[in-house]
Amino acid sequence: MKLDIKPRTAAEVLVDQLVIQGVRHVFCVPGESYLPVLDALVDRDIAVTVCRQEGGAAMMAEAVGKATGRPGVCFVTRGPGATNAAHGVHIAQQSSSPMILFVGQVERDVKGRDAWQELDYAAVFGTMTKWAADVDDPARMSELVSRAFYTATAGQPGPVVLALPHDMLIEQVQCLDAPPYEPVETSPGAPEMAKLAALLAAAKSPIVLLGGSRWDEAAREAVTRFAERFELPVVTGFRRLPLFDPLHRNYAGDLGIGPNPALLARIKSADLVLSIGGRLSDVTTQSYSLFDIPTPQTKLVHVFPAAEELGRVWRPELAINATPTRFAAALDDLSPPAAPAWRGSAEAAHKDYLAWSDVATPQPGAVNLGEIMVWLREHLPADSILTNGAGNFAAWVGRFYRVRRFGGHFAPNSGSMGYGVPAAVAMQRLYPDRRVVAVTGDGDFLMNGQEFATAVQYGLPIVVLVCDNSSYGTIRMHQERDYPGRVIATDLKNPDFAAYARAFGGFGATVERTADFGAAFEAAVASGAPSILHIKFDTDAISPGQTLSAIRAQALAKS
């Protein structure tokens, strides 16, 4: 049957699908391989953010996926553009964030000849995506884009890569548009909820562990009500600080890098762990040490939206294939015991958390990063957004800053450096009225610091803290543990980061004493410009409560 539809180029069909699917932001580095798409984006109701490096663009798209639960969208050119963008794709995979990367591709008639900048995208991205494919037939554009949105959001969310041959994009085609997608939600069954109720009734020291993606405000509130009614201590997994209010009386802390020893002891002594939404990843389980593999020493209830993850590493006492949103809603129907055996444990766990995080630990030098995090938590609006990349500096964020609102913190679950600035740019584009602060290390910042130019170009008043200890600090810490005193390849000679900010057209200031931070931050905010605060701290202050000199001395004593 002939379709009575106005002919469009495949590139126009693609952009029409993005509009239909509710995409309002795309991030890109332009390339000749997908120029027809750029042309189709002209005068459309989609904000295009042009970035300075494809890795930064992909990280921005990942951050949008993480923030909204709907795929963030990125466009890059073929070959080197795609390999640069792989950085953000891997973050999306390990963070369970929905995103779609559209990549230019060589013309169809030269594929397989190792043409200029040619890559086999299914092979290159196959191990870090949920799906990677070429769109070779323009008539199937709407079908395959629709599939990309469903695939990126179904089960455990993640990245999708679609390659776009240039000659295909300019072909005209008559095809139907796909309707808007809706993520498929899975709900817990009555038998599973009944068994969960029985396990809770029999427990002596249960604990709740929150993680993963596919959460929303309503689910967070439902879990909070459940914790209150059952008097349960609640823990957040690695990089999942926004899932529970840290000042709530049931909050016990987070399982990140360098967690509270009292929290680890509490989890190890628990007789029931209710894990909601998370994969139970390497970091959250402290290098797979919290639970025995394959059968944990404690009863484990694992709630996860993708069935293939359940039982993959640990065999749970009860596996529930459900999204956090649907599972959290079902918790309202459970009734707590009249006198739970664990009564008082949540209050005790919260006191342990406050004792661990209330007051910054002393550290060498004139700048204490813990005290700076305390200043931020006391002065930033409650709806502020913090982003950070990877490095030991992030330990101060996790321990001393408090994320009060859902969606208030974004960081890479893969431990990928260079994430903080791109994520801050994306969040300020998405939420122009919220305060956005990126916390970065010196080595971390220079992985994607050029995206500060993107912030200047779009007038985004992000504040970037560059925590400078003149070192790749995390690697230096491990170096001192394993090869004490034999320092190589970890020292850094850094630029003047405040001058860097001014060179780009932003605000820059240097902080060399803790007492000077507050005034510098307020000046940055008052400037209304993208800002960098260059915070110089002692290399010996390697993490909260630890020094390099002490680590070296301990290692030498053992050798």
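Remark: R377 is not positioned above the aromatic ring of F400, lacking an NZ or CZ atom under 6.0 angstrom from the ring centre and at most 45 degrees off the axis.
Between F445 and F393, the distance separating the two ring centers is not shorter than 6.0 angstrom. Here the two rings, on F102 and Y34, have centers that are 6.0 Å apart or farther. W396 and Y401 have their aromatic ring centers separated by at least 6.0 angstrom. The ring of W375 has its center closer than 6.0 angstrom to the ring center of F517.
Using bins of under 30°, 30° to 60° and over 60° for the plane-to-plane angle, the ring pair H302/F304 lands in the tilted bin. Relative orientation of the Y251 and Y353 rings is perpendicular, given thresholds of 30° and 60° on the angle between their planes.
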Let me have the donor-acceptor pairs involving side chains of residues 144-153, under 3.5 Å, with sequence neighbours excluded, atom names and distances please.
residue	atom	partner	partner atom	Å
T151	OG1	R147	O	2.8
T153	OG1	F149	O	2.8
T153	OG1	Y150	O	3.3

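Using a 4.5 Å cut-off on side-chain heavy atoms (C-beta onward), I535 and V466 make no contact. Between R434 and S384, every side-chain heavy-atom pair lies at or beyond the 4.5 Å cut-off. For the pair T454/Q457, no side-chain contact is recorded, criterion being any heavy-atom separation below 4.5 Å from C-beta on.
Between R44 and D16, at least one side-chain N (NZ, or NE/NH1/NH2) sits under 4.0 Å from a carboxylate O, which counts as a salt bridge. A salt bridge links E185 with R214: at least one charged nitrogen is closer than 4.0 Å to a carboxylate oxygen.
Counting non-hydrogen atoms of other residues, nucleotides and ligands closer than 6.0 Å to CZ of R140 gives a total of 12 or fewer.
Side chain to side chain, R402 and S357 meet the donor-acceptor criterion of an N or O pair below 3.5 Å.
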